[in-house]
Every structure is written in structure tokens, then in C-alpha cells.
Amino acid sequence: MKNVFILSILFVVVSFFSCSHEDRNIAIIYSDDADSVFTEIHLVPFAGVANYITGFYDAGMTFHGGTTFSWKVDSVECRTVFSHNNGYFWTYVFVTPGDTIFFKTEKNGAEYNVVFEGKNAAHYNYASQKAKAIQMEEPYFEEDTDPYEYKRQLQVYRDEEQKFFEKYREQNKLSPEFCDFAEAEINNKYVLNLYQYVYLNKCRVSVEKYLEGTNIVQNPLSYSAIDALYYKYVLCASNDDIVQNYYAIQNEVHSKFKPTLIADLIIGFAQKGDSSYSSSLLSLMDDIENNSTDSMLKGIVEEYRPFYMLSGEVLPDSVLDNSHLICYQDNNEITLRQFLKKYEDTAIYLDFWASWCSPCRMVNAHSENSKRELKKKGIAVTYISIDDDESEWRKAVKTDGIEENQFLLLDEEKSPLNEYLKIRKSGIPRFVLFNKKHKIAMLSAPRPFGCMFEGLRTIIEKSPDDFIKEKKKGHYETVGYKQTEIDKNEYDDTAVYEKTIIYHNTFGRFTSPTDYTDAWGKRREPTENWQTKYSPYSVPWHKIIFGSPDDGQYTIGILKKGVMWDNTRGGMQMDASGDLYGAVFCINIAKGYKGEIFSCRIDNMPQNQILYFETSIANASVVNNTTPPQVEIRIETTNGKMLGSAHSALKRDKLGWQKIFIDIPPIEEPSAVIRIISTGEDWENGCDLLLDDIIFCAYKRI
């Protein structure tokens, strides 16, 4: 199955072609001695799913610079990769039956260019000429990219491609077949990019709305068509009824693409290993096994049925006893059985990664809050690296700050664990979810950030008994890092306490600068900076300076260009829960000010129950190297009686969110007040304090 996160890399290094099967013809490609700078020249065909399983170059054609190559071809489009000692040059050429193609190399410094000549030279030179003519870079999205701004940029780039094609068609003799291909490819590349964004941001955008007006042009020569169809029918498909997805492919997809997509459908859902769609997937496998005449699809079913059936099973003895790991912390070698023993009666979220894997490192950089949430639920977050170089593994572990529960798989290529779970074959990063009995719950679990983590959270919360650790008798667990024992003089130490969240303010979330939903699900229409009329809080305006964000009091926004500030504030991109579009509350504090800067009254507090308070704060004053804000957070009764307090510990050289935890004894009053007090350090300028995720929990004996 195609790996989404390495696709962009392979897109440059690997070439594809597609062909129909009518009359066989010979195409010849010549390169002269001057082109011997290319030590190898690859023509790599797109031959469907078989290439993804057996390797990209299996059906490819390779010849050396300064030689001649010929091959049988029908009507075909292909991309070619010209490899040389210092790098590569790549382009694609559209080849028609009987073509004779000659190319020569032009070298400009460290850059190479290839110029094609021959009967249909305009077909061959189209891609490289377009790359040179369009000055703007093709848009790409990052974690904090606004969806509709990204879509607008893609439309601008698509229009530039279309303009170039129209001009190129006027100036050159092009076949109707080539024109159909070129226009289809421009459209399909645009649609593919939108699907890629939707796949990674399902919880942030409406799929139907975002893709409204788009259509995949199923030109059999368009290499972007098959990728866009893959996203539509596999990656963005519903998990509920795979048979329905199968029939949609049968009824809606060009015959050229059907075998590949059906195979990808089977592989994709088999690799997830989610039991929720087992009847649908196994029904499809049975139908192919009993009724299909396609030997390739039968082979896919034969290989991936037993793999899918691993879900719900424990690892066999042969894997447990013959897979060996090195522990990062103590450098001891252990078996996989000993590894699992460390986490007895504990669910495990196992991250397969490597230092050389860029997507893996990206996950490490953006998943701290998500992994912390898993730990709070009592789920062990563990790592197994498939690095060959132990020193590189250790260096990456330290750089990424993932020393805890970290292991290296020894002799990875021959390891039974690699073969059993198809680690290399399915690609990394790869996450395997085990329940508390160490049965495989998901062979390929969602990744721990963004919208994917929303899916993982849903899976865990559907079966809490399988994953979430029970509270120990005589104790209650806070949402934070500690576990507080109940006072044995007042409470039975054999009692069990049930936690209830009585107040949780996330400050809402944005999906665009004009689309905001508050913490209680009410839709708002924000101005550029959110101001007092939207706030239920008390913020003393006369004690706050006028400055960025220029409302003099506070702003609700996200840590993202164009919504809250002109630049990412404080070096952060996510709210305290790890949500890129989660809103945060910002208080702009005057230089040297001491006193209250925020207050909020919470009503309907449960009486005579143990209470727990949590919130997250951050320093947003890294501009001009200002001193970070320092505050005291107080929980009081409505008449001013102190219930609990905590002080911040923000540092100038340390960015990110700080958790504040306060344990509160049972109270008799139905209301409590949160007060944030500025301690008024000698700031060089005013400073900004970020506030997020105000949480009150109550613990009741059951």
C-alpha cells in the first residue's frame, strides 16, 4: 500500500508509465557520449499494486548513459529519472508508438537539464519547459496551514499551469491524446493535493464542502488520477462498509485503475487491523477468493487475510523469544517477551520509527501533548527503532527527547517481529496498539497528533476496559502528573472514587478566521481580534496596556498567522491540548503591574466532594526577549476564602505550556472563583500570558 508520508519523496525519485494493450510497437531512446554523466537512466513503469508489494524498480527499465535503448510500447506516458553520481535530474516524457527519441544533456553549474529531440519532441519537453516557465513554487501545507488559504494557493498554481499549457499548445504541434493527458493531469494534481489535506485534517474541514466542485478526470495516462482515486476510495473512505466501497470502485472507476484500487482497498484496511469492519472486509475477501479470475487480487487476499486475522491475537512464542531489543536507558539486551513483561496489565501504544525517517521525526516533534494524554489514561507509550546505526538512533532519541520506554530492534531485517508485523513492508512511522492483555487491538493505529489522534482517542474511549487503567482503591487520580492518597482519617482507604468533570473551558476552536465555535459548542462570528463583548470573564481593562493584539484587554485566537498575531507567538503552533486550531486566551499585562488580571466564577460546584483544578499557561512574550509573566493562580470561595493556590514557573529560555495543578478539599458552597494575580516582576516591557484548558474535576466515593 502506498505510504502517505513518503509519497512526496518517491514522487521525485521514481517514475511511472501506463499503457494500453493494442498493437505492439518499438520505441527507441538514444543518448550520446556527452550524456554519460548519467551513470544510469531509469524508465520505471506504473504497473499497479504489484510494484508496491514487490518493489518500485521490479518492472522498470534501466540503461547507461551514452547507449541506446528500445522497448515495446503502445500509447504510453512515462516519467524518466536520470541518475548520476552527484544527484539526479528527472522529468517525464509522453511516448507514442514508434517514437524515436534523442536527448542531450545541458549542464549549468551543478544543475543538469535534458533537451529532447525527435518526431514528437514537443511531447517530451513539455514537463521540463513547464517547470522552467512557472516561477512560483508548488504550494505545500504544514501543520498550521489554513485550509482555505492553501486551497486558494493551489488554485493559483493550477491556473498558472493551465495558462502555460494553452500557450504551449499554441506554439507546438501536440496530439489530441497528449492534450487530454496534460489537461487531466493539471486537474488531477490539484484534486490530489486537496485530498491529501483532507486526509490529514478530517476533523478540521468538511470533506464535502472542501472538495465541492472537484472531479477526478479518469484519464488512464494520468499518474495523479490513480493517486487521487486512492485517497477517495481508500484513505478517505468510510470504515463502515468496505464491500460498499468495493462496489463503488467497480461502478465508478475506469477499468485501467480497478485492480490497483481494489488491491489497495484490501491492503489498506487489512493493515489497519481494526475489528470494527471485520465482517465487511472478510466478506469482500471471500467474494474475491471464490469468484474473481484476477490472480493478482487472489494473491493479495491470500497474503493479507492471515495478516488481518492477527488483530485480536497475542504475539506467538516464536516472535516473543526470537526478537531482541536494546534498551536505551541501561543498554541491556532483552527479548520481546521481556519487553512486554515490563508493561504487564498495561495497554501499549508502540511506535516503530527510525532516525532517518523524516515523517517519524515530525511525529516526535508534534505529539508530546497527545502522548501525555495517553499516559494519563494509563497507556504506555513505547518506541522501537529499526535503525541500523545505533549511534544515529541514540543521537536522534536525545534530540527528540524520547528517552523513556525507548528500544532498538536488533538485526531488524531478519527479526521475526519485522516479518510478523510487516514493519518494513508497510512503512514507518507505524503504530501498533495492544490492549491490557497485550492482544493486538490495531495493527496500524492512528498517529498521535492532529485529527488522526482524534480517531485514536475514539477507539480507546469505545472500549475503556481494554485500555484505560482502573483507579487503585484508596486513591484518586488527578489529570496531572501526581496521584494523591485520600486522607485515611476521613475516608475509607478501600473506597473507590469516581471522577466527574464539572467544568472544562477550552476557549473553543477555529477552522478559519471567520469560523469559530466556543467551548460550549456555540458558533460565533469573530472579528480580526476577539474583544470584550464575547467574554464571560472579568478582565480589568484599565490595568492592561494597549498593545498587540491592540484591544487593550485580551484576545481569543489561535497561535497562527492571520488569526491571532502576525507571527507564530512564543514559538508555539498548538493550544495546550495539541490542537492546531484550538483557541487560546491571551492577557496583555502592563509593565510592572501587580494585581488581578483575570477572574472567573464557576457555579454549580458539587458539595462535599474532593475537587481538583487544572489549567495551562504559557509565555507569549518572547518578542524583544522580554521577561516572562509570573502569576499566582488562586481558587477562592465567593467571599474570598482561600481554597488552594499555585505559582507559575515560566522561564525566558523555555517555551511551551506549563500545567498548573491545585487540589481542593471538599467545600460546602455551590460556587468558586478562579483569580489570576500578576506578581509584577521588573519587566522591560509589558508581557503576554496565554491561558487554556481550565478544568474542574470532582471525586465522589462509589
Side-chain angles (χ1 to χ4, degrees), residues 143 203 328-329 342-343 346-351 353 360-384 397-406 429 431-434 436 445-461 464 467-471 476-484 499 501 504-507 509 559 570-584 612-619 646 648-651 654-663 690-697:
E143 286 298 304
C203 64
Y328 177 85
Q329 297 285 9
K342 288 175 176 284
Y343 309 102
T346 301
I348 298 173
Y349 183 65
L350 177 53
D351 179 349
W353 74 292
C360 302
R361 306 295 294 275
M362 183 189 71
V363 171
N364 292 342
H366 294 291
S367 60
E368 181 179 353
N369 289 325
S370 300
K371 290 175 178 177
R372 184 182 298 130
E373 180 179 327
L374 294 177
K375 293 175 185 178
K376 290 175 187 176
K377 295 179 185 294
I379 299 170
V381 177
T382 63
Y383 304 84
I384 293 182
V397 168
K398 188 173 182 180
T399 299
D400 293 359
I402 50 174
E403 294 95 339
E404 186 180 7
N405 300 330
Q406 179 69 238
F431 302 87
V432 181
L433 181 64
F434 295 87
K436 289 190 287 188
R447 300 182 182 195
F449 66 90
C451 293
M452 292 185 179
F453 185 67
E454 295 290 333
L456 179 63
R457 182 188 286 125
T458 299
I459 291 165
I460 292 169
E461 291 176 351
F467 301 104
I468 300 174
K469 274 203 167 182
E470 298 177 359
K471 299 180 182 69
Y476 70 94
E477 291 185 18
T478 70
V479 185
Y481 301 105
K482 57 183 179 175
Q483 183 173 321
T484 305
K499 182 182 76 173
I501 296 178
H504 185 187
N505 189 355
T506 64
F507 296 100
R509 71 192 309 271
L559 298 165
M572 295 181 291
Q573 295 181 334
M574 301 183 186
D575 74 352
S577 299
D579 187 346
L580 288 167
Y581 290 83
V584 297
Y612 163 76
F613 170 81
E614 173 187 334
T615 193
S616 296
I617 62 173
N619 170 27
S648 64
L650 298 172
K651 296 181 179 180
K654 188 173 182 179
L655 304 178
W657 292 97
Q658 177 194 344
K659 295 278 189 182
I660 299 290
F661 308 104
I662 303 175
D663 290 316
L690 299 183
L691 180 68
D692 198 14
D693 280 354
I694 298 175
I695 301 172
F696 266 103
C697 299

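Quick note: numbers below take in every heavy atom, side chains included, and nothing from hydrogens, waters or symmetry partners.
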Exercise for the section: Please confirm whether the backbone N or O of Q406 pairs with a side-chain atom of T382, one donor and one acceptor, at under 3.5 Å? Expected result: no
Exercise for the section: Taking the side chain as every heavy atom from C-beta outward, state whether L456 and L433 have any pair of such atoms under 4.5 Å apart. Expected result: yes
Handout entry: Nearest-0.5 Å distance, OH of residue Y383 to CG of residue D400
Key = 9.0 Å
Problem - SB check E454 R457 (cutoff 4.0 Å) - result: yes
Exercise for the section: Mind checking the CZ-CD1 spacing from F696 to I662? Nearest 0.5 Å is all I need. Expected result: 7.5 Å
Practice task
State the CD-CD1 distance between E461 and I468, to the nearest 0.5 angstrom.
Solution key: 6.5 Å
Practice task
Would you mind checking if K371 and E404 are paired as a salt bridge, meaning a charged N to carboxylate O distance below 4.0 Å?
Solution key: no
Exercise for the section: Indicate the ring-plane relationship of F661 and Y612, choosing parallel, tilted or perpendicular according to the 30° and 60° boundaries. Expected result: parallel
Exercise for the section: Check whether the side chains of E368 and W657 place a donor and an acceptor atom closer than 3.5 Å, and report yes or no. Expected result: no
Exercise for the section: Using the six-membered ring wherever Trp is involved, compare the ring planes of F431 and Y349 and label them parallel, tilted or perpendicular (cut-offs 30° and 60°). Expected result: parallel
Practice task
Could you verify whether a donor N or O on one side chain and an acceptor N or O on the other, from N405 and Y343, lie under 3.5 Å apart?
Solution key: yes
Practice task
Could you tell me the separation between the CZ atom of R372 and the OG atom of S367, rounded to the nearest 0.5 Å?
Solution key: 10.5 Å
Practice task
Under the ring-ring contact (aromatic ring centres under 6.0 Å, His included) rule, collect the residues that match up with F453, sequence neighbours excluded.
Solution key: none
